[in-house]
Amino acid sequence: KAALQPLPAGDGADLLQSVPNMSIIRKGGSSGDPLFRGLGGSRLSINADDQFIYGGCGMRMDPPTAYIHPNSFDKVVVTKGPQTVTQGMGLVSGSVQFIRKDPDFSEKPYNINASLTAGSNDRRDGSLEAEFGGKYGYVRSNISHNESDDYKDGSGNRVHSHFKRDSQMLQLGITPTENTTIAGTYERSRAKVAYADRMMDGSKFDRDAWNVRFTQRNLTSWFSELELRYGESEIDHVMDTYSLRTIRNPAGKQIKNANNPKRNTDTGRLKATFDWDNFNLQTGVDYMDDVHVARMERGGDGYSHKPFMPNQSFKQWGVFTEAAWQQTDKQRWVAGLRHDRVKADYDSADVTDPALKHQKFNLNSGFLRWERDTDNGLKYYAGFGIAERSPDYWERLRAKKKIIHPEQNRQIDAGIIWKRPNLHASVSVFGSDVKNFIILERQGMDLGVRNVKASRFGGEAEVKWTFAPNWEIGSSLAYTHGKNRTDGKPLAQTPPLEWNNTLAFDNGKYSAGALWRVVAKQNRYSKGQGNIVGQDIGASSGFGVLSLNAGWKFSKYATLQAGIDNVFNKTYAEFVSKGGDPSAGTQTLRVNEPGRTAWLRLQAKF
């Protein structure tokens, strides 16, 4: 909930860009697509309030993080690589969990958080979260609003990027005993977003979702928790050529085309947790029923009266077991196994081959990790994991005439974490071999898809040092190297070396900080190849960007913060950015990042 630089987060991707080795594919002013260590989409599981979130657009206008409003969550956990089996199938890259904690009313019967943000390009954000409760139950609500006009890059060029987003969340909980929780949550979001990288804008992003959760703790001395969750969500999305821009044909007539995909997803999970003296066991089953339909207009006769036509559907069942054994006070082993069965169907009439129309996949995943602590604050770990995933909705859209095999990642992870009273440092490295890596590549105006062999390695190094009272300096280094061994080329959409440095002062009343972000040039690319989000355009230049912020806690309850991002008004673009589309007025090779941006944020907590 604290302000971050760049500009305080408006969606889940905005928040994740502060994680080392997390890249965001820029498409406009909102709804960026996250990649961790160069891999995203279905390779990076996104979980919010223990519900899996999926976008509905076949052109990937709405990644899962587009429907996540960070102010309504309390904690974010990023798992690097296939080092858990409890967060769904196919963790080729890892998982991200946006977590809501059970509210705590031990000190007072309410908690209220509110924030207002104003910034350049008419950026206006507001958020209000309130929770009230006591011994036997609670109510929790969140309302948020984010909007902005088109931003300008460092050269003063306007980028087609305006957006408007609104969300509401209501959660009711019943706690009849101290060990029992029954909670129900309803979430609603509405948005429209302009995109600089394509001929269409997202004129409608509607999501309605609800879920229920039953948790029983301390059933016996060793049966510590039983949890049951079930949820449903519906995404109704419209992309068109006329609501947020004007495109005309050679005769001067406005082109009016629209697509209206809809996605209904049901998810469920049953998990049991057992604890003995030095042994923890989590085991359970999860389920997903996922149905896609769509309708379209060509020529402006409207789409709302047209029936939805079936597209694709998926059914998935998964069973998992994850165990942790505390062998000694200093040594710990963690292991997990998972099996998934996926049934994927083309429901549309344009696929008739039975071998393609109805496919079944049996997927296996697992990992083993060793951890060791020392007396001087050092922790070592090393693990080996395997993750398998089947082709997803977006990949199957481009594979209606050929068999695409499931992807299998075999990965080694290792690292060191060092915690001292005034120092926190870590180094994590990985190396992976991916069998049947699913790659997308440009073939004229079309996107083809096929399997290749790939290998990857890299890692992250971070340090934070409190070198004087109220002063902290930090630095992080992240790098990923990927190779497409089948074609003898670099693995596409792999970001370059990145180095971030921070300096912060905070004495409880006044604060100030600086962020210096340095990104190397990237000459390793495979033009036209990539993933479901984007494909390599060519080499990219390196850049360095400086941002500054300051804050004043002027009362017990309120803090005023201000910042300037990209202080020197640098013109730059990320390597993984999409290409600009002329119909959006964007003539640059890539969609440039915002130029100098000033913002002011007022935050209150009661």
Side-chain angles (χ1 to χ4, degrees), residues 1-19 22 24 27-34 44-57 61-78 96-101 103 111-119 123-131 139-148 161-171 183-193 202 204-211 231 233-237 265 599 601-605:
K1 302 179 191 298
L4 295 172
Q5 281 194 299
L7 189 64
D11 66 13
D14 287 344
L15 183 68
L16 289 176
Q17 65 183 324
S18 64
V19 177
M22 190 77 73
I24 307 300
K27 296 175 282 188
S30 183
S31 304
D33 228 308
L44 181 65
S45 173
I46 305 294
N47 181 307
D49 198 18
D50 268 340
Q51 296 292 309
F52 297 107
I53 294 184
Y54 306 93
C57 178
M61 281 187 172
D62 59 337
T65 47
Y67 298 102
I68 292 175
H69 300 263
N71 281 341
S72 70
F73 294 90
D74 304 306
K75 185 179 180 181
V76 182
V77 176
V78 178
V96 179
Q97 302 172 68
F98 291 83
I99 297 171
R100 291 191 180 107
K101 299 177 182 177
N111 294 294
I112 298 173
N113 272 286
S115 68
L116 292 172
T117 302
R123 176 71 180 260
R124 299 178 296 278
D125 293 358
S127 175
L128 174 64
E129 181 182 35
E131 53 190 31
V139 57
R140 183 179 188 180
S141 180
N142 180 279
I143 300 171
S144 68
H145 173 82
N146 313 90
E147 69 174 298
S148 176
S161 57
H162 57 278
F163 64 89
K164 182 178 180 181
R165 299 155 47 85
D166 290 282
S167 76
Q168 302 87 38
M169 183 276 291
L170 178 65
Q171 185 178 77
T185 306
Y186 170 70
E187 295 181 271
R188 178 183 184 271
S189 63
R190 300 290 185 265
K192 56 182 179 180
V193 182
K204 178 182 177 181
F205 291 104
D206 289 0
R207 180 176 184 261
D208 292 272
W210 63 267
N211 70 80
S233 72
E234 179 182 271
I235 291 174
D236 189 0
H237 163 53
T265 307
W599 53 268
R601 189 187 203 217
L602 175 64
Q603 186 172 16
K605 183 177 182 180

Between atom [atom1] of [X] and atom [atom2] of [Y], what is the distance when rounded to the nearest 0.5 Å?
X    : Y    : atom1 : atom2 : answer
L602 : S115 : CG    : OG    : 8.5 Å
D166 : H69  : CG    : NE2   : 8.0 Å
T265 : I235 : OG1   : CD1   : 6.5 Å
T117 : H145 : OG1   : NE2   : 11.5 Å
S144 : R165 : OG    : CZ    : 7.5 Å
R140 : E129 : CZ    : CD    : 4.5 Å

For the pair [X] (side chain) and [Y] (backbone), establish whether a donor and an acceptor sit closer than 3.5 Å, ignoring hydrogens and angles.
X    : Y    : answer
S141 : M169 : yes
D11  : S31  : yes
Q51  : A48  : no

Evaluate side-chain contact (heavy atoms from CB on, under 4.5 Å) for R123 paired with F163, printing each intermediate quantity in order. CA-CA 10 Å; R123 176 71 180 260; F163 64 89; 4.3 Å; yes

Validation row: [X], [Y] side chains within 4.5 angstrom (heavy atoms):
X    : Y    : value
I46  : Y67  : no
I53  : E187 : no
S233 : R207 : yes
S72  : R100 : yes
K27  : D33  : yes
I99  : D50  : no
L15  : F73  : no

Can you name the nearest heavy-atom pair linking [X] to [Y], along with the distance?
X    : Y    : answer
S45  : F52  : OG-CE2, 3.6 Å
D62  : G56  : OD2-N, 2.8 Å
N142 : S127 : ND2-OG, 3.8 Å
T65  : A13  : CB-N, 3.5 Å

Contacts of S161 meeting side chain to side chain donor-acceptor pair (under 3.5 Å) (sequence neighbours excluded), chain-then-number -> none

Who pairs with D236 by side chain to side chain donor-acceptor pair (under 3.5 Å), at least two apart in sequence or on another chain? K204, N260

Quick one about E131 and N111 (side-chain donor to acceptor, distance below 3.5 Å, no hydrogens or angles considered), yes or no? yes

Hey, what's the ring geometry for F205 with H237, parallel, tilted or perpendicular (30° and 60° as the breaks)? parallel

Kindly indicate, with the supporting measurements, whether the criterion side-chain contact (heavy atoms from CB on, under 4.5 Å) is fulfilled by I24 and D14. CA-CA 8 Å; I24 307 300; D14 287 344; 5.9 Å; no

Which is it for N113 and N71 under the side-chain contact (heavy atoms from CB on, under 4.5 Å) test, yes or no, and what are the steps along the way? CA-CA 9 Å; N113 272 286; N71 281 341; over 6 Å; no

Any ion pair linking R190 and D208 (charged N to carboxylate O, less than 4.0 Å)? yes

